[in-house]
There are 2 protein chains.
Amino acid sequence: MNAVPPLSPESAAPEAAGPAFSPLYRQIKALIVRSLQAGEWRPGEAIPSEMELAARFRVSQGTVRKAIDEMATENLLLRRQGKGTFVATHAEQKVQYRFLRLEPADEAVAPGPVERLFLDCRRLRAPAEVARALDMKAGETVAQIRRILSFGGTPAVLDEIWLPGTLFKGLTAERLSEYRGPLYGLFESEFGVHMVRADEKLRAVPAGPDEAELLRVPVGTPLLSVERRSFTYGDKVVELRRGLYHTAKHHYRNELS
Amino acid sequence: MNAVPPLSPESAAPEAAGPAFSPLYRQIKALIVRSLQAGEWRPGEAIPSEMELAARFRVSQGTVRKAIDEMATENLLLRRQGKGTFVATHAEQKVQYRFLRLEPADEAVAPGPVERLFLDCRRLRAPAEVARALDMKAGETVAQIRRILSFGGTPAVLDEIWLPGTLFKGLTAERLSEYRGPLYGLFESEFGVHMVRADEKLRAVPAGPDEAELLRVPVGTPLLSVERRSFTYGDKVVELRRGLYHTAKHHYRNELS
DNA sequence: AAGTGGTCTAGACCACGAT
DNA sequence: TCGTGGTCTAGACCACTTG
């Protein structure tokens, strides 16, 4: 027994250009991703057990397992032995601020909670550059947020965030201030947009006048510029973010392999 | 049949504090790592087939496979379907400069080859800070290299590299200049030291007088400071490196998930 | 005790590369 | 054609969590 007909490897990619062969577990994975995308299971909830999914897709448990394995290493799902497999979430997670790589330079300093201050939240027509990065037409409306993150009273991050207007309709400064925890948690629960992965481009730049004042540093101070594009399911860009990090007492940590 | 006696799960971690249980495939993985460490197979060479390893360790092919799977995702090994499984190498690899995340900001610009210029290569007693980072006693001898990387004639990276003297005995400026390709390739073939992973701390800093001259930028220009510790098998630190990246025409790329 | 994910095995067959 | 890694299955048992 190989697979239920509509799942047979041939049916997946009959084109001449693409990969000629797609293993069964990848097709299962794609189906599970589609269910996540459709909101069949919400962030934080458990998905069906491996046995149930195996029965549903008419494959063996091992095949489902391999599909889930990949999704777990991509941080789409979270396995907990004895309990089940859960949809990853940015809210109420042990590791808050999953995408923030900034950490205290001095190991002795306890990290402490992050203070969030929202400067403004507006809706406007997307500048050409922003529209291009967000895969939108120039002139469509976007939401723009500016905010500051502080550690122990000292401002360390100045963020400028751009979001597609259609996805974030009722976004206001008020709702931002009320919400506790990371922005991505709010995006999930209030707008049903789950950030799955991101890429970043880092540069060292001098602080401009406005930025210097907001971060309380002299004009020209070197800052770490972090340009991030965030994606949901299906590799769709849903956020453009430009962060300026003051790296006197913090640094950006990265692991290579 | 579970395992050959000396591999029984119990024997792996009888301590009270540590993890009470270590699956068989992790024990196999540890054995393979030990063989790599001992140089049984050199970088670029093929290791024995899964079947051979299964016979050697008296486990099933699936168990060996899971061990190798983990090592492949950690970039210790490289699987090539139909050919075999190979020891990862920094030399003669498609992706040269595996640990260098700098790339041209303008996508239109072809990357082109990197030009390397060695400024000096000395042996000296390790400053306290360097000794601590390299897990050495203060005063032991270390090798220090300074060099510049240029792209298309424009200097972009100024590196200062510290290596334990005991591991890199015959290291001279001459041998550095002669070798083609990434430093880590030379470390592998000439000194038998294979870099397996690294961590980095990034900051934005102003260019000092010397640095400014070498990188041909004005004093005070913001530079991206990249402090890297590199590890061999067994999590042993074997390199400390401080890079200053000029990020006007390049940026440091990172992926988050 | 029951249900979940985690491990291990054994065997069949497929895709790929070299010969 | 052969040997390699890659996929898929089926079944047994283990470890962890909850009732």
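Keep in mind that this is a model prediction, so the values were computed, not measured. Throughout, protein chains are lettered first and strands after them, A, B, ... in sequence-line order, and every chain is numbered starting at 1.
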By nearest-heavy-atom nucleotide on DNA chain D, the more 5' of A/Val64 and B/Gly84 is B/Gly84
Please state whether the phosphate of D/dT4, meaning OP1 or OP2, lies under 4.0 angstrom from any side-chain nitrogen or oxygen of B/Arg79. no
Just to confirm, is there a sub-4.0 Å distance from OP1 or OP2 of C/dC16 to any side-chain nitrogen or oxygen of B/Lys83? no
Nearest-Å distance for atom pair [atom1]/[atom2], residues [X] and [N]:
{"X": "B/Phe57", "N": "C/dT9", "atom1": "CZ", "atom2": "C1'", "value": "18 Å"}
{"X": "A/Asp69", "N": "D/dG6", "atom1": "CG", "atom2": "C1'", "value": "15 Å"}
{"X": "A/Gln81", "N": "D/dT18", "atom1": "CD", "atom2": "C1'", "value": "14 Å"}
{"X": "B/Ile28", "N": "C/dC8", "atom1": "CD1", "atom2": "C1'", "value": "11 Å"}
{"X": "A/Met51", "N": "C/dT4", "atom1": "CE", "atom2": "C1'", "value": "10 Å"}
{"X": "B/Phe86", "N": "C/dC16", "atom1": "CZ", "atom2": "P", "value": "17 Å"}
{"X": "B/Lys29", "N": "C/dT7", "atom1": "NZ", "atom2": "C1'", "value": "15 Å"}
{"X": "B/Glu52", "N": "D/dG3", "atom1": "CD", "atom2": "C1'", "value": "10 Å"}

Comparing B/Gln61 and B/Lys66 on DNA chain C - which has the more 5′ nearest nucleotide: B/Lys66
With respect to the side chain of [X], which nucleotide from [options] is positioned closest?
{"X": "B/Arg65", "options": "D/dC8, D/dT7, C/dG6", "result": "D/dT7"}
{"X": "A/Ser60", "options": "D/dT9, D/dC16, D/dG5", "result": "D/dT9"}
{"X": "A/Pro23", "options": "D/dC8, D/dT4, C/dA15", "result": "D/dC8"}
{"X": "A/Tyr25", "options": "D/dT18, D/dT7, C/dT7", "result": "D/dT7"}
{"X": "B/Leu24", "options": "C/dC8, C/dT7, C/dT9", "result": "C/dC8"}
{"X": "A/Thr63", "options": "D/dT9, D/dG6, C/dG5", "result": "D/dT9"}

For [X] and [Y], which I'm curious about, is there any donor-acceptor pair between the side chains at under 3.5 Å?
{"X": "B/Ser150", "Y": "B/Glu115", "result": "no"}
{"X": "B/His251", "Y": "B/Glu103", "result": "yes"}
{"X": "B/Asp69", "Y": "B/Tyr25", "result": "no"}
{"X": "A/Glu239", "Y": "A/Ser230", "result": "yes"}

To the nearest 0.5 Å, what is the distance between CD1 on A/Ile161 and CG on A/Leu240? 10.0 Å
